[in-house]
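Let me begin by presenting the structure, written as C-alpha coordinates, before commenting on it.
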Amino acid sequence: MSTRTPLMAGNWKMNLDWKQGLALVEELGEALANVDLSDVEVAVLPPFVDLRTVQTAIDAGKLPIALGAQDVSAHESGAYTGEISGAMLTALNCTYAAVGHSERRQYHGEDEAITNAKVKAALEAGLTPILCVGEPLEERKAGKHVEYTLAQLEGGLEGLSAEQAAKVVVAYEPVWAIGTGEVATPEDAQEVCHEIRELLRVQHGDQVADAVRVLYGGSVKSANVADIMAKDDVDGALVGGASLKAEEFAKIAGFRAA
Ligand code: PGA
(Lines give C-alpha, C1' and ligand atoms only; values in the text may rest on other atoms or scores of the structure.)
Protein backbone atom coordinates (compact mmCIF):
# COMPACT_ATOMS: atom_id res chain seq x y z
CA MET A 1 0.00 0.00 0.00
CA SER A 2 1.28 3.40 -0.91
CA THR A 3 1.62 6.03 1.80
CA ARG A 4 1.34 8.83 -0.72
CA THR A 5 -1.61 11.13 -0.18
CA PRO A 6 -3.42 11.64 -3.49
CA LEU A 7 -3.47 15.20 -4.80
CA MET A 8 -6.28 16.58 -6.92
CA ALA A 9 -5.11 19.89 -8.38
CA GLY A 10 -7.42 22.12 -10.40
CA ASN A 11 -5.64 24.11 -13.08
CA TRP A 12 -7.99 26.97 -13.93
CA LYS A 13 -5.73 28.12 -16.79
CA MET A 14 -6.67 31.57 -18.17
CA ASN A 15 -10.26 31.35 -16.96
CA LEU A 16 -12.20 33.31 -14.34
CA ASP A 17 -11.45 36.87 -13.21
CA TRP A 18 -11.06 37.45 -9.48
CA LYS A 19 -14.80 37.78 -8.84
CA GLN A 20 -15.56 34.58 -10.71
CA GLY A 21 -12.63 32.89 -9.00
CA LEU A 22 -13.99 33.94 -5.63
CA ALA A 23 -17.41 32.52 -6.48
CA LEU A 24 -15.88 29.22 -7.61
CA VAL A 25 -13.68 28.70 -4.57
CA GLU A 26 -16.60 29.44 -2.25
CA GLU A 27 -18.80 26.99 -4.14
CA LEU A 28 -16.02 24.44 -4.08
CA GLY A 29 -15.69 24.85 -0.32
CA GLU A 30 -19.38 24.07 0.05
CA ALA A 31 -19.26 21.11 -2.30
CA LEU A 32 -16.23 19.66 -0.49
CA ALA A 33 -18.10 19.69 2.81
CA ASN A 34 -19.82 16.51 1.57
CA VAL A 35 -16.61 14.76 0.55
CA ASP A 36 -14.39 12.53 2.69
CA LEU A 37 -11.07 14.35 2.54
CA SER A 38 -9.28 12.24 5.15
CA ASP A 39 -6.88 10.86 2.54
CA VAL A 40 -6.88 13.28 -0.35
CA GLU A 41 -5.51 16.74 -0.81
CA VAL A 42 -7.32 19.30 -2.94
CA ALA A 43 -5.59 22.29 -4.54
CA VAL A 44 -6.56 25.02 -6.97
CA LEU A 45 -4.25 26.88 -9.34
CA PRO A 46 -6.02 30.13 -10.25
CA PRO A 47 -4.65 32.88 -12.50
CA PHE A 48 -2.13 35.11 -10.69
CA VAL A 49 -4.56 38.01 -10.38
CA ASP A 50 -7.08 35.81 -8.54
CA LEU A 51 -4.63 34.44 -5.98
CA ARG A 52 -5.02 37.06 -3.28
CA THR A 53 -8.80 36.90 -3.34
CA VAL A 54 -8.89 33.12 -3.40
CA GLN A 55 -6.34 32.94 -0.58
CA THR A 56 -8.45 35.27 1.55
CA ALA A 57 -11.57 33.19 0.91
CA ILE A 58 -9.74 29.96 1.81
CA ASP A 59 -8.44 31.52 5.04
CA ALA A 60 -11.71 33.12 6.03
CA GLY A 61 -13.76 29.99 5.37
CA LYS A 62 -11.02 27.62 6.63
CA LEU A 63 -11.59 25.75 3.40
CA PRO A 64 -9.73 22.44 2.90
CA ILE A 65 -8.11 23.70 -0.28
CA ALA A 66 -4.42 24.31 -0.93
CA LEU A 67 -3.37 27.09 -3.26
CA GLY A 68 -0.98 27.06 -6.17
CA ALA A 69 0.11 29.11 -9.15
CA GLN A 70 0.19 28.04 -12.78
CA ASP A 71 3.75 29.20 -13.31
CA VAL A 72 6.65 30.82 -11.45
CA SER A 73 9.58 32.92 -12.56
CA ALA A 74 13.01 31.34 -12.77
CA HIS A 75 14.37 34.55 -11.23
CA GLU A 76 14.36 35.69 -7.64
CA SER A 77 13.51 39.35 -8.14
CA GLY A 78 14.37 42.41 -10.19
CA ALA A 79 13.99 43.63 -13.74
CA TYR A 80 11.87 40.84 -15.21
CA THR A 81 8.78 42.64 -16.46
CA GLY A 82 5.64 40.59 -16.21
CA GLU A 83 7.14 37.85 -14.07
CA ILE A 84 6.00 36.60 -10.65
CA SER A 85 8.57 35.28 -8.19
CA GLY A 86 8.37 32.25 -5.94
CA ALA A 87 8.66 34.48 -2.87
CA MET A 88 5.62 36.48 -4.01
CA LEU A 89 3.69 33.23 -4.21
CA THR A 90 4.74 31.93 -0.80
CA ALA A 91 3.70 35.32 0.61
CA LEU A 92 0.20 34.43 -0.66
CA ASN A 93 0.34 31.06 1.12
CA CYS A 94 0.80 29.20 -2.13
CA THR A 95 1.96 25.63 -1.65
CA TYR A 96 2.34 24.67 -5.30
CA ALA A 97 3.54 26.08 -8.60
CA ALA A 98 3.00 24.27 -11.88
CA VAL A 99 6.12 24.29 -14.01
CA GLY A 100 6.61 23.29 -17.62
CA HIS A 101 2.94 22.83 -18.47
CA SER A 102 2.65 21.84 -22.13
CA GLU A 103 0.88 25.15 -22.86
CA ARG A 104 3.92 27.01 -21.49
CA ARG A 105 6.18 24.84 -23.58
CA GLN A 106 4.06 25.24 -26.70
CA TYR A 107 3.01 28.90 -26.59
CA HIS A 108 5.88 30.43 -24.64
CA GLY A 109 8.80 28.43 -25.95
CA GLU A 110 9.72 27.08 -22.52
CA ASP A 111 12.40 24.43 -22.90
CA GLU A 112 14.09 22.01 -20.49
CA ALA A 113 16.58 24.61 -19.29
CA ILE A 114 13.95 27.16 -18.29
CA THR A 115 11.73 24.48 -16.82
CA ASN A 116 14.64 23.19 -14.75
CA ALA A 117 15.45 26.73 -13.58
CA LYS A 118 11.80 27.22 -12.56
CA VAL A 119 11.73 23.94 -10.63
CA LYS A 120 14.80 25.11 -8.72
CA ALA A 121 13.37 28.60 -8.16
CA ALA A 122 10.14 27.11 -6.81
CA LEU A 123 12.04 24.85 -4.40
CA GLU A 124 14.27 27.73 -3.27
CA ALA A 125 11.17 29.73 -2.43
CA GLY A 126 9.66 26.85 -0.46
CA LEU A 127 7.05 25.96 -3.07
CA THR A 128 6.32 22.46 -4.30
CA PRO A 129 6.79 22.41 -8.05
CA ILE A 130 4.29 20.39 -10.06
CA LEU A 131 6.55 19.47 -12.94
CA CYS A 132 4.45 18.72 -16.03
CA VAL A 133 5.73 16.31 -18.65
CA GLY A 134 4.11 14.40 -21.48
CA GLU A 135 4.33 13.59 -25.15
CA PRO A 136 2.58 15.04 -28.21
CA LEU A 137 0.50 12.80 -30.44
CA GLU A 138 3.27 12.11 -32.99
CA GLU A 139 5.54 10.70 -30.29
CA ARG A 140 2.74 8.50 -28.97
CA LYS A 141 2.00 7.21 -32.48
CA ALA A 142 5.68 6.46 -33.00
CA GLY A 143 5.77 4.50 -29.74
CA LYS A 144 8.25 6.99 -28.28
CA HIS A 145 6.03 8.34 -25.50
CA VAL A 146 8.02 6.90 -22.59
CA GLU A 147 11.37 7.97 -23.98
CA TYR A 148 10.09 11.49 -24.75
CA THR A 149 8.46 11.97 -21.36
CA LEU A 150 11.44 10.67 -19.42
CA ALA A 151 13.75 13.01 -21.30
CA GLN A 152 11.57 15.91 -20.18
CA LEU A 153 11.62 14.59 -16.63
CA GLU A 154 15.39 14.25 -16.60
CA GLY A 155 15.76 17.76 -17.99
CA GLY A 156 13.33 19.21 -15.49
CA LEU A 157 15.00 17.57 -12.50
CA GLU A 158 18.59 18.08 -13.57
CA GLY A 159 20.96 18.98 -10.75
CA LEU A 160 18.47 18.35 -7.95
CA SER A 161 19.61 16.58 -4.80
CA ALA A 162 17.64 13.55 -3.62
CA GLU A 163 16.19 15.72 -0.88
CA GLN A 164 14.97 18.26 -3.44
CA ALA A 165 13.66 15.62 -5.84
CA ALA A 166 11.60 14.09 -3.03
CA LYS A 167 9.69 17.38 -2.73
CA VAL A 168 8.61 17.55 -6.37
CA VAL A 169 5.22 16.49 -7.70
CA VAL A 170 5.32 15.18 -11.26
CA ALA A 171 2.29 15.43 -13.55
CA TYR A 172 2.16 13.18 -16.58
CA GLU A 173 0.00 14.96 -19.13
CA PRO A 174 0.01 13.52 -22.64
CA VAL A 175 -0.51 16.57 -24.84
CA TRP A 176 -3.05 14.80 -27.03
CA ALA A 177 -5.30 14.24 -24.02
CA ILE A 178 -5.31 17.83 -22.75
CA GLY A 179 -8.59 19.64 -23.32
CA THR A 180 -9.52 17.22 -26.08
CA GLY A 181 -11.89 14.93 -24.22
CA GLU A 182 -9.56 12.16 -25.28
CA VAL A 183 -8.47 10.65 -21.98
CA ALA A 184 -5.57 8.22 -21.81
CA THR A 185 -6.63 4.75 -20.73
CA PRO A 186 -5.81 3.86 -17.13
CA GLU A 187 -3.19 1.48 -18.56
CA ASP A 188 -1.60 4.28 -20.61
CA ALA A 189 -1.48 6.48 -17.53
CA GLN A 190 -0.05 3.69 -15.37
CA GLU A 191 2.61 2.77 -17.93
CA VAL A 192 4.16 6.22 -18.03
CA CYS A 193 3.59 7.10 -14.35
CA HIS A 194 5.38 3.85 -13.47
CA GLU A 195 8.31 4.66 -15.75
CA ILE A 196 8.54 8.11 -14.17
CA ARG A 197 8.79 6.52 -10.73
CA GLU A 198 11.38 4.01 -11.93
CA LEU A 199 13.56 6.78 -13.31
CA LEU A 200 13.36 8.51 -9.92
CA ARG A 201 14.34 5.19 -8.34
CA VAL A 202 17.41 4.85 -10.55
CA GLN A 203 18.45 8.46 -9.99
CA HIS A 204 17.61 8.95 -6.32
CA GLY A 205 16.76 5.59 -4.74
CA ASP A 206 13.70 3.91 -3.28
CA GLN A 207 12.87 6.50 -0.67
CA VAL A 208 12.51 9.29 -3.21
CA ALA A 209 10.75 7.10 -5.78
CA ASP A 210 8.22 5.89 -3.25
CA ALA A 211 7.59 9.35 -1.83
CA VAL A 212 7.07 11.40 -5.01
CA ARG A 213 3.49 11.86 -6.12
CA VAL A 214 2.94 11.28 -9.81
CA LEU A 215 -0.29 12.75 -11.13
CA TYR A 216 -2.09 12.07 -14.38
CA GLY A 217 -3.61 14.95 -16.35
CA GLY A 218 -5.64 15.17 -19.54
CA SER A 219 -9.44 15.23 -19.75
CA VAL A 220 -9.93 13.90 -16.21
CA LYS A 221 -13.57 14.00 -15.08
CA SER A 222 -15.61 12.44 -12.30
CA ALA A 223 -16.66 9.70 -14.73
CA ASN A 224 -13.12 8.47 -15.43
CA VAL A 225 -11.10 9.44 -12.36
CA ALA A 226 -11.76 6.33 -10.25
CA ASP A 227 -10.38 3.93 -12.87
CA ILE A 228 -7.28 6.03 -13.33
CA MET A 229 -6.76 6.36 -9.58
CA ALA A 230 -7.03 2.60 -9.19
CA LYS A 231 -3.61 2.27 -10.81
CA ASP A 232 -0.65 1.79 -8.47
CA ASP A 233 1.57 4.56 -9.72
CA VAL A 234 -1.08 7.25 -10.19
CA ASP A 235 -1.25 9.48 -7.13
CA GLY A 236 -3.73 12.10 -8.23
CA ALA A 237 -4.80 14.27 -11.11
CA LEU A 238 -4.09 17.64 -12.63
CA VAL A 239 -7.52 18.72 -13.81
CA GLY A 240 -8.22 21.52 -16.27
CA GLY A 241 -11.74 21.92 -17.67
CA ALA A 242 -13.48 19.83 -15.01
CA SER A 243 -11.96 21.92 -12.20
CA LEU A 244 -14.03 24.93 -13.30
CA LYS A 245 -17.21 23.31 -12.01
CA ALA A 246 -17.38 23.05 -8.22
CA GLU A 247 -19.62 19.98 -8.01
CA GLU A 248 -17.66 18.12 -10.65
CA PHE A 249 -14.29 18.88 -9.10
CA ALA A 250 -15.60 17.91 -5.66
CA LYS A 251 -16.69 14.58 -7.14
CA ILE A 252 -13.19 14.11 -8.53
CA ALA A 253 -11.80 14.76 -5.04
CA GLY A 254 -14.26 12.16 -3.75
CA PHE A 255 -13.19 9.60 -6.33
CA ARG A 256 -13.26 6.80 -3.76
CA ALA A 257 -17.03 7.16 -3.39
CA ALA A 258 -17.62 6.73 -7.13
P1 PGA B 1 -7.91 19.20 -19.13
O2 PGA B 1 -6.50 19.95 -18.81
O3 PGA B 1 -8.30 18.50 -17.86
O4 PGA B 1 -8.83 20.29 -19.52
O5 PGA B 1 -7.62 18.23 -20.23
C6 PGA B 1 -5.52 19.35 -18.02
C7 PGA B 1 -4.32 20.27 -17.89
O8 PGA B 1 -3.89 20.86 -18.89
O9 PGA B 1 -3.76 20.44 -16.78
Side-chain angles (χ1 to χ4, degrees), residues 6-16 20-21 24 28 40-48 50-51 54 65-72 94-110 115 118-119 122 127-137 139-140 145 148-149 152-153 156 168-186 188-189 192-193 196 213-229 231 234-255 258:
L7 170 64
M8 296 301 177
N11 173 12
W12 294 1
K13 306 195 180 185
M14 196 173 74
N15 295 294
L16 312 180
Q20 296 165 323
L24 178 59
L28 181 61
V40 62
E41 192 188 340
V42 178
V44 293
L45 280 52
F48 287 127
D50 296 10
L51 284 173
V54 172
I65 302 171
L67 193 58
Q70 298 171 20
D71 187 25
V72 60
C94 281
T95 304
Y96 297 102
V99 173
H101 190 280
S102 64
E103 288 149 18
R104 301 294 315 170
R105 295 177 192 260
Q106 187 179 348
Y107 304 126
H108 302 274
E110 297 193 4
T115 301
K118 288 183 173 193
V119 166
L127 295 163
T128 297
I130 302 178
L131 171 61
C132 305
V133 293
E135 81 285 354
L137 187 58
E139 307 295 333
R140 161 79 42 183
H145 48 287
Y148 184 96
T149 302
Q152 284 186 334
L153 181 70
V168 173
V169 172
V170 180
Y172 169 55
E173 299 205 300
V175 177
W176 48 270
I178 296 179
T180 57
E182 180 134 3
V183 65
T185 65
D188 289 338
V192 184
C193 290
I196 287 170
R213 288 181 291 182
V214 183
L215 316 182
Y216 167 77
S219 298
V220 170
K221 327 186 231 311
S222 62
N224 58 30
V225 66
D227 288 346
I228 295 168
M229 288 303 294
K231 295 296 179 187
V234 181
D235 305 315
L238 186 53
V239 184
S243 73
L244 298 174
K245 292 171 232 145
E247 282 296 334
E248 173 66 5
F249 191 49
K251 273 194 206 159
I252 291 172
F255 65 96

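Index from 1, following the sequence. Remember, it's 1-based here, ligands and their atoms both numbered in the order they're listed.
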Below 3.5 Å, can you tabulate the donor-acceptor pairs from side chains in residues 236-243 to any protein atom, sequence neighbours excluded?
| residue | atom | partner | partner atom | Å |
| --- | --- | --- | --- | --- |
| S243 | OG | V239 | O | 3.2 |
| S243 | OG | G240 | O | 2.7 |

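Y216 pairs by the side chain to side chain donor-acceptor pair (under 3.5 Å) definition with nothing, not counting sequence neighbours. Listed by chain and number, the residues in a side chain to side chain donor-acceptor pair (under 3.5 Å) with T180 amount to none (sequence neighbours excluded).
In summary, of the residues considered (E135, E139, E182), a side-chain hydrogen bond (donor to acceptor under 3.5 Å, both in side chains) with W176 occurs for E135 alone.
In this structure the side chain of F255 reaches within 4.5 angstrom of the side chain of V40, judged on heavy atoms.
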Apply salt bridge (charged side-chain N to carboxylate O under 4.0 Å, His left out) to E110 and R104, showing your working. CA-CA 6 Å; E110 297 193 4; R104 301 294 315 170; 3.0 Å; yes
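For ligand 1, the 4.0 Å heavy-atom shell contains residues N11, K13, H101, E173, A177, I178, G179, G218, S219, L238, V239, G240, G241.
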